[in-house]
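Have a look at the structure below before the remarks.
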Amino acid sequence: MLKGIRQRTIGNYGLLLAIFVGFFLLHYQGYVSLWVVLIGSSLATGIAAWLTAQRLIAPVEQITQIAQDMAGGILDNEIRVEGEGELDDLAWSINFMARELKENLANITEERNRARAILNSMADGVIALDKYGRVILLNPVVENIFKVKEKECIGNILIKVIRNYELEQLFNRALYSLQPTLVNDLQVLTPEPRLLRIHITPLKGANGRKMGVVCLMRDVTEQKRLEQIRTEFVANVSHELRTPLTSINGFLETLLDGAIDNPKVARNFLEIMNGESKRLSRLIDDLLKLSSLEDKKSSLNKQPVNLKELICETVKMLSARAQEKGIALTMAIPDDLPEVPGERGFLEQVLINLLDNAVKYTLSGGIIEIGALVNGKEIKVYVADTGIGIPEESLPRVFERFYRVDKARSRDMGGTGLGLAISKHIVEAHGGKIEVESDQEGSTFSFILPR
């Protein structure tokens, strides 16, 4: 292409030279004057210059300008020239290249958006560093864990983004050794303690050159907490079952050794064994009920429930025990308390559990108030007592299975340690939530149900 343009340019200059030589020969032979030679040569030069500008210089300038625009990312403009055939071919080639670049950029952008969508939808955190240890990518999970923003972190070294020396050392080790790193449980403060499972993979380029590292981090805090609760649950179940069984076995051995011949002693032992067996039966029933609720195998048969009537019946049921301890039971229930959809038997059990606990842990002369409030589309039922209260550190755990604030005292009062856990699952199965507030002046348990 350039060869053809070069040949035509040389031909144009050769033609001009021939015109000059022709005019000078005519002047030398006396056919034309010097002025005619100058005027004719100037005219020929001007025409040649105009043709060159129109067919070569102007198209080249247009091609140059649009090529610079394309280099700046503007790929929508196309070159439209009317010049030499070779320039037309060049313009067509550049236009074709621009269309291909535009299509490739669209594909790259689509792939990048797809990759970003995948990263944003991942449940695990992803951090990518370049070969210099600077952050090049964070996904929203990492932003949520460490309370940072990706835009503020890009280009910074890791220690400026995440203030954790051990995590930085893991990244550096993987970056410089080019070997994967796996850490099962790394504790970080974010600001509350979290356990992270870290897997760092180095990125290698051509010839094994390091390009950076990618870290996949999974928050296993909740998983570890559930494993701990499961372990404690198994230990507690074993202990709770073993205690009455050991007592029953001990009294049986004593009776078999001859105590059965003493009617008074035998009856006393049998009464104790009867109480332990009933306690064991209650514990097993509660475990089965809790298991059924957790597995959602018990489908609720929801019907309109008159909460005011249910509360009054529950108070009447436990009023005798309250009077024996010298505890005053009061009610604060609006007359127009609306009905709620639910299963009456389950809701009655929640009220009995809460009120029974209030009676157990309120001293003589105390007051228990059970009431209800209507708040928009929700109804709140509460049981407030002036009892011994619950320590602040125990409040988050009172709804756990077998958790007791005072283990010895709770067991002496006949509780299985499952009442509040069962109540929580019943309320949540009804689409509500259960809460507790406590201080030295008493405790307030409340549950909220949707209307």
Side-chain angles (χ1 to χ4, degrees), residues 279 282 286 305-338 340 342 344 346-375 378-428 430 432-449:
R279 176 183 167 193
R282 287 197 306 270
D286 284 349
V305 178
N306 188 326
L307 275 180
K308 182 177 181 180
E309 179 182 311
L310 187 61
I311 293 171
C312 291
E313 290 179 1
T314 306
V315 171
K316 188 182 298 183
M317 192 183 306
L318 295 174
S319 60
R321 284 184 52 203
Q323 288 177 1
E324 288 177 3
K325 291 188 65 175
I327 299 172
L329 283 179
T330 62
M331 290 188 293
I333 306 171
D335 294 332
D336 57 347
L337 186 66
V340 295
R344 182 183 178 89
F346 279 144
L347 294 179
E348 182 181 29
Q349 185 172 2
V350 174
L351 287 169
I352 291 174
N353 288 342
L354 297 184
L355 193 54
D356 181 61
N357 281 345
V359 173
K360 284 180 182 176
Y361 299 108
T362 300
L363 302 178
S364 178
I367 300 173
I368 299 175
E369 179 180 276
I370 180 168
L373 301 170
V374 179
N375 183 13
E378 296 177 336
I379 294 179
K380 180 178 181 180
V381 180
Y382 64 88
V383 177
D385 62 58
T386 58
I388 58 178
I390 302 171
E392 185 177 355
E393 62 273 12
S394 297
L395 288 176
R397 302 191 59 188
V398 292
F399 295 105
E400 293 180 9
R401 295 165 291 188
F402 292 114
Y403 184 80
R404 293 185 174 97
V405 178
D406 186 342
K407 295 179 174 57
R409 185 169 184 177
S410 299
R411 192 174 290 110
D412 291 340
M413 292 181 176
T416 62
L418 295 172
L420 290 178
I422 292 173
S423 299
K424 177 184 177 184
H425 283 84
I426 291 175
V427 171
E428 290 179 350
H430 282 77
K433 60 181 179 179
I434 191 167
E435 302 170 336
V436 59
E437 297 176 358
S438 184
D439 54 31
Q440 295 178 351
E441 297 179 356
S443 305
T444 300
F445 284 85
S446 59
F447 60 93
I448 299 172
L449 297 174

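This chain uses plain numbering: 1 for the first residue, then up along the sequence. Here the structure is a predicted model, which is why all the values come from computation and not from measurement.
The neighbour count for Leu337 CG, taken as heavy atoms of other residues, nucleotides or ligands under 6.0 Å away, is above 12. Residue-environment remark: CD (Glu393) exceeds the threshold of 12 foreign heavy atoms within 6.0 Å. Other residues, nucleotides and ligands place more than 12 heavy atoms under 6.0 Å from the CG atom of Asp439.
Residues Ile422 and Gln349 have side chains in contact (heavy-atom distance under 4.5 Å, counting atoms from C-beta outward). Put simply, the side chain of Thr362 reaches to within 4.5 Å of the side chain of Thr386, judged on heavy atoms. Using a 4.5 Å heavy-atom cutoff, the side chains of Val374 and Pro338 are in contact. A 4.5 Å side-chain heavy-atom check between Ile434 and Ser423 finds at least one atom pair inside the cut-off. Contact check for Ile426 versus Phe447: no side-chain heavy atoms found under the 4.5 Å cut-off. Side-chain contact between Leu347 and Val427 is absent, with no heavy-atom pair separated by less than 4.5 Å. Contact annotation: the side chain of Phe346 approaches that of His430 to within less than 4.5 Å [non-hydrogen atoms, C-beta and beyond]. Residues Leu420 and Phe445 form a side-chain contact, since some pair of their non-hydrogen atoms from C-beta on lies under 4.5 Å apart.
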Throw together a table of side-chain donor-acceptor distances under 3.5 angstrom for residues 310-320, partners on residues two or more places apart or in other chains.
| residue | atom | partner | partner atom | Å |
| --- | --- | --- | --- | --- |
| Glu313 | OE1 | Arg344 | NH2 | 2.7 |
| Glu313 | OE2 | Arg344 | NH2 | 3.2 |
| Thr314 | OG1 | Leu310 | O | 2.9 |
| Ser319 | OG | Lys316 | O | 3.0 |

If you look only at distance, which donor and acceptor atoms sit under 3.5 Å apart when one is on a side chain in residues 327-335 and the other is two or more places apart or in another chain?
| residue | atom | partner | partner atom | Å |
| --- | --- | --- | --- | --- |
| Thr330 | OG1 | Ile368 | O | 3.4 |
| Asp335 | OD1 | Lys308 | NZ | 3.0 |

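The main-chain N or O of Glu309 is found under 3.5 Å from a side-chain atom of Asn306 such that the two form a donor-acceptor pair.
Between the side chains of Glu369 and Tyr382, at least one donor-acceptor pair of N or O atoms lies under 3.5 Å.
Here Glu392 contributes atom CD and Ser438 contributes atom OG; the two are 10.0 Å apart, rounded to the nearest 0.5 Å. To the nearest 0.5 Å, atoms NZ (Lys325) and OG (Ser364) are separated by 8.0 Å. Interatomic distance, NE2 of His425 versus CZ of Phe399, reported as 12.0 Å (0.5 Å rounding). Rounding to the nearest 0.5 angstrom, the gap separating the CG atom in Asp385 from the CG atom in Asn357 is 9.0 Å. The OG atom of Ser443 sits 7.5 Å away from atom CG of Leu395, with the distance rounded to the nearest 0.5 Å. Within the model, atoms CD1 of Ile379 and CG of Leu373 stand 10.0 Å from one another, a figure rounded to the nearest 0.5 Å.
In terms of heavy-atom proximity, Ala384 sits nearest to Thr444 at CB-OG1, 3.5 Å.
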